[in-house]
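Structure, as structure tokens:
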Amino acid sequence: MNLTPEKLYNILLKKNGPLYWWPIDESYHKKNNSDSRFEIIVGAILTQNTAWSNVERALDNLKSENMLEIKKIKELNISKLRYLIKSSGFFNQKADRLKEISNYLKNKYDGNLNEFFNRGINEIRNELLSINGIGPETADSIILYAGCIPIFVVDAYTKRLCKRIPFDTKLSYFEIQNYFQKELSKVYKSDELTKIYKELHAQIVIFGKNYCKKKPLCKKCPLKDYCCFKNNL
DNA sequence: GTCCAGGGCCGTT
DNA sequence: AACGGCCATGGA
């Protein structure tokens with residue numbers, strides 16, 4: 001049997017239930033007493049090649065110092081910033097990256113994220129990619145999870161999944177992204193796509209952690225009927 | 001002690 | 001275009 005993105009989504013969702021990463025509802029916003037979209041932007045940068053548990057500690061540090069705002073990061077002493085995000089690893093370059101995007105958003109949009117996200121998706125994406133330290137995955141994570149604009153995020157797990165399961169796509173970031181978007185927009189209405197893309201990306205990450213690891217656990221894999229990469233069987 | 005995580009940049013082929 | 005080294009902490 002061959003697998004489609006829609007089937008993949010249904011199988012993983014049924015197995016795990018919804019994961020709801022990076023919520024942006026009003027109660028979450030109030031609880032944190034800051035713009036939760038900026039928190040997502042910071043999280044997207046801090047989690048580059050890093051376990052989320054290490055990122056959470058850094059976010060907690062920034063929150064407890066009441067620093068999770070564009071203007072405050074922009075003005076924060078760089079050594080202090082490095083110290084606060086230390087647990088997330090690569091803290092020197094990540095501190096620079098947080099400074100860069102905060103400066104950019106403050107200088108060009110006066111820190112107004114409504115203004116920043118209220119433009120064409122290509123314009124937003126190209127601007128993000130022009131900032132040093134923001135590549136395709138980080139840019140798309142920011143657009144999807146902070147901007148709530150439908151774009152499918154391709155990460156290392158998604159690439160690995162596509163290498164093992166024979167989807168009808170080539171394996172570059174762009175090809176995989178286009179393939180998932182093309183297939184899923186056939187099935188779901190456009191106003192559902194943001195939710196679907198958020199949830200599917202999250203599901204793929206969890207699936208990659210639990211089953212489709214570097215050394216995969218194919219024996220118990222929920223996708224084994226669709227996969228030709230068998231191991232441990 | 002070893003491996004690896006919700007990448008991206010830069011230099012070399 | 002594709003690959004390798006590098007960045008660094010903390011949990012398994």
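Here is the naming used below: chain letters follow the sequence lines, and residue numbers restart at 1 for every chain.
- The nearest whole Å value for the distance from the CG atom in A:N210 to the P atom in B:dG6 is 11 Å.
- For the pair A:Y157 and B:dG6, the ring geometry does not qualify as stacking, because the centroid separation below 5.5 Å and plane angle under 30° are not jointly satisfied.
- Both A:N132 and A:S53 lie close to DNA chain B; mapped to their nearest nucleotides by heavy-atom distance, the more 5′-ward contact belongs to A:S53.
- Salt-bridge annotation for A:K195 and A:E192: absent, with no side-chain N of the basic residue lying under 4.0 Å from a carboxylate O of the acidic one.
- Ranking B:dC4, B:dA5, C:dC7 by closeness to the A:Q93 side chain, first place goes to C:dC7.
- A:G135 comes within 4.0 angstrom of sugar-phosphate atoms only, judged by non-hydrogen atoms across all strands, and of no base.
- Within the 4.0 Å cut-off from OP1 or OP2 of B:dC4, not a single side-chain nitrogen or oxygen of A:N49 is found.
- Taking the side chain of A:R160 as heavy atoms from C-beta on, and the options B:dA5, C:dA8, B:dG6, the nearest nucleotide is B:dA5.
- In this structure, A:L46 atom CG and C:dG10 atom P are separated by 13 Å, rounded to whole Å.
- Look at A:R57 and you'll find a side-chain N or O under 4.0 angstrom from OP1 or OP2 of C:dG11.
- Residue A:K159 contributes atom NZ, which lies 12 Å from atom C1' of C:dA2 at whole-angstrom precision.
- Put simply, the side chain of A:N103 gets close to the backbone of A:K99: a donor and an acceptor are under 3.5 Å apart.
- Residues A:K186 and A:E6 are not paired through a salt bridge, judged by the lack of any N-O separation under 4.0 Å between the basic side chain and the carboxylate.
- Residue A:T50 has no polar side-chain atom (N or O) positioned under 4.0 Å from OP1 or OP2 of C:dA8.
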Checking ring-ring contact (aromatic ring centres under 6.0 Å, His included) for the pair A:Y197/A:F180: CA distance, chi angles, key distance, verdict? CA-CA 9 Å; A:Y197 291 164; A:F180 273 79; 8.9 Å; no
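- The side chain of A:K86 lies closest to C:dT9 when the candidates are C:dT9, B:dG6, B:dG8.
- Separating the P atom of C:dG5 from that of B:dC4 is a span of 15 Å, rounded to the nearest Å.
- When the P atom of C:dC7 is taken as reference, atom CZ of A:R97 falls 13 Å away, rounded to whole Å.
- Closest approach to the A:N54 side chain among C:dC7, B:dG8, C:dG10 is made by C:dG10 (side chain taken as heavy atoms from C-beta onward).
- Both thresholds, 5.5 Å between centres and 30° between ring planes, are met by A:W21 relative to the base of B:dG6, so the two rings are stacked.
- As a whole-Å value, the separation of A:D96 CG from C:dC7 P is 14 Å.
- With respect to the salt-bridge test (charged N to carboxylate O, under 4.0 angstrom), the residues A:D155 and A:K159 do not qualify.
- Using a 4.0 Å heavy-atom cutoff across all strands shown, A:K214 reaches sugar-phosphate atoms only and no base atom.
- Between the P atom of B:dC9 and the CD1 atom of A:I45 lies a distance of 11 Å, rounded to the nearest Å.
- The nearest whole Å value for the distance from the NZ atom in A:K94 to the P atom in C:dC6 is 18 Å.
- B:dG6 and C:dA12 are spaced 12 Å apart, taking the P atom of each and rounding to whole Å.
- Contact between the side-chain N/O atoms of A:K209 and the OP1/OP2 oxygens of B:dA5 is not found at any separation under 4.0 Å.
- Whole-Å rounding puts the A:W52 CH2 to B:dG7 P distance at 11 Å.
- With hydrogens and angles ignored, the 3.5 Å screen pairs a side-chain donor or acceptor of A:K94 with a backbone N or O of A:S88.
- Checked against B:dG6, C:dC7, B:dG8, the side chain of A:F90 finds its nearest nucleotide in C:dC7.
- The side chain of A:V205 approaches B:dG6 more closely than any other nucleotide in the set B:dG8, B:dC10, B:dG6.
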